Amino acid sequence: MSRVWNFSAGPAVLPEEVLREAAAEMLDWHGSGMSVMEMSHRGKEFTSIIEQAEADLRELLAIPEHFKVLFMQGGAIAQNALVPLNLLGGKTTADYVVNGSWSAKSYREAQRYCTPHLAAGALAGPFRGVPPAPTFQLSADPAYLFICSNETIDGVEYAEIPDLDALGRPGVPLVADVSSHILSRRLDWRRYGLVFGGAQKNIGSAGLTLVVVRDDLLDRASPLCPSAFEYKTVAANRSMYNTPPTYAIYIAGLVFQWLKRQGGVAAIESINIAKARLLYAYLDGSGFYGNCVEPEYRSRMNVPFFLKNELLNELFLAETRAAGLVQLKGHKSVGGMRASLYNAMPIEGVVALVDFMKEFARRHG
Ligand SMILES: *Cc1c(COP(=O)(O)O)cnc(C)c1O
């Protein structure tokens, strides 16, 4: 068996240790004589799995008690609809900062449910930074302010999360799509009303969507919100109103335990900083490659880069694949290459990529 260095933006690399544990437990989880996939979601075995996963997540992210953790389905794209359906509470507008492809998509989905207001940014790229919070133009009475704090496609990450108290709007809840950097860095819960993310980037396998929502926001759902997607209903039933994505929750739980063994979020955050530094420093110094994002807003998780001679793109991709460095092709809207450096990508993988890039530049420069 040989494993590659997988730079996919998602579904993405998982810790090898987690995959080995899941494999060892596949046929018989902890003496139950069953796979996790075959268990009743209401039985004592699975109850212990979901409760441990929630407790570990709360510990890793220091989630305060007045926030609920919901294990949902539908992905982050479903949340683009579920956020307005759950949070508008009869209001007719919500504010959006658009600084990348995903927040643009969130804005457009919100148009089905309200008249969203563009508080900062633009609906079309190129996206190379984040508008500073003091320049946000909030509307008079928005239901919430929406941001995507790490734009996976454009490689743009908020250097600092907007503080609505400091902006003089303490009553406006901040909603953040954190799909592609959750658990890569610490979160200051005083700034957020709700965060959500699909699991397939930095948590586990596809099929699970995590929502963390402040208690006081649970009472605002539209009567048209499907019961299975109403945060209050999901919370009241501890994510068991209907059958939750049991196997994906189990995998997420193994990843949370792995993360605790690495020293937790602060420890993985320093490794993520070192990984990103290594690649950006090489890109900036090379002359052969480049990156367009303003340095302050460069994502630690998703690094888009390009070859100055684009005629070499196909050769670069073919040779990286042959060298066991895969899924480096950039998103079609940005072009070039993209390396995603999620928690489960060890620094050795980034070293291997940079070494290959140096060698390729030497041969073709
Ligand atoms: C991947 C991604 C999405 C889409 O998630 P789905 O699970 O496909 O719905 C949305 N937002 C961000 C920031 C993402 O990285």
Side-chain angles (χ1 to χ4, degrees), residues 6-14 70-86 94 96-112 116 121 123 125 127-130 144-159 161-162 174-185 187 192 194-212 226 228-229 244-245 247-249 251-252 255 272 276 293 297-304 327 329-334 338-345:
N6 178 0
F7 296 94
S8 171
V13 57
L14 282 167
L70 313 179
F71 295 100
M72 297 182 68
Q73 306 193 48
I77 289 185
Q79 291 300 322
N80 286 340
L82 298 174
V83 163
L85 277 167
N86 275 283
Y96 283 72
V97 176
V98 175
N99 65 300
S101 312
W102 287 115
S103 48
K105 206 166 195 153
S106 305
Y107 174 92
R108 287 195 298 270
E109 184 75 3
Q111 288 178 313
R112 291 170 168 244
L123 293 179
F127 299 108
R128 292 179 176 167
V130 178
Y144 53 84
L145 172 67
F146 186 105
I147 64 169
C148 174
S149 45
N150 184 62
E151 287 282 0
T152 322
I153 291 174
D154 309 280
V156 175
E157 185 169 11
Y158 277 66
I161 298 303
L174 181 69
V175 172
D177 177 353
V178 297
S179 294
S180 50
H181 71 165
I182 186 170
L183 290 167
S184 73
R185 58 194 301 154
L187 293 181
Y192 298 98
L194 182 150
V195 306
F196 68 82
Q200 71 272 24
K201 279 51 184 276
N202 225 357
I203 295 179
S205 59
L208 166 67
T209 314
L210 204 66
V211 175
V212 183
F229 294 117
Y247 199 75
I249 292 169
I251 295 290
V255 170
N272 289 332
V293 180
Y297 302 111
R298 287 173 170 178
S299 169
R300 292 174 188 166
M301 293 285 101
N302 309 99
V303 185
Q327 310 247 41
K329 194 176 165 78
H331 190 273
K332 60 184 183 303
S333 65
V334 175
R338 173 175 50 173
S340 294
L341 313 180
Y342 296 121
N343 286 349
M345 170 60 65

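Excluded from the calculations below are hydrogen atoms, water molecules and symmetry mates; all remaining heavy atoms, backbone and side chain alike, are included. Remember, it's 1-based here, ligands and their atoms both numbered in the order they're listed. In this text the structure is predicted, and so the values were computed from the model without any measurement.
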Short N or O separations between ligand 1 and the protein, below 3.5 Å:
unit_1   : atom_1 : unit_2 : atom_2 : d
ligand 1 : 7 (O)  : Gln200 : NE2    : 2.8
ligand 1 : 9 (O)  : Ala76  : N      : 3.1
ligand 1 : 9 (O)  : Ile77  : N      : 2.9
ligand 1 : 11 (N) : Asp177 : OD2    : 2.7
ligand 1 : 15 (O) : Thr152 : OG1    : 2.4
ligand 1 : 15 (O) : Lys201 : NZ     : 2.6

(request) Could you tell me whether the side chains of Ser103 and Asp177 share a donor-acceptor contact shorter than 3.5 Å? (result) no
(request) Classify the side-chain pair His181/Ser299 by whether it contains a donor and acceptor separated by less than 3.5 Å. (result) no
(message) Can you confirm whether Arg128 sits close enough to Tyr297 that some side-chain heavy atom of one is under 4.5 Å from a side-chain heavy atom of the other?
(response) no
(request) Look at the rings of Phe196 and Phe146 and say which category their plane angle falls in: under 30° parallel, 30 to 60° tilted, over 60° perpendicular. (result) tilted
(request) Taking all heavy atoms of Ser180 and all of Asn150, pick out the closest pair and write down the distance. (result) OG-ND2, 2.9 Å
(request) Work out which heavy atom in Tyr342 is nearest to a heavy atom in Ser8; give both atom names and the distance. (result) CE1-O, 3.4 Å
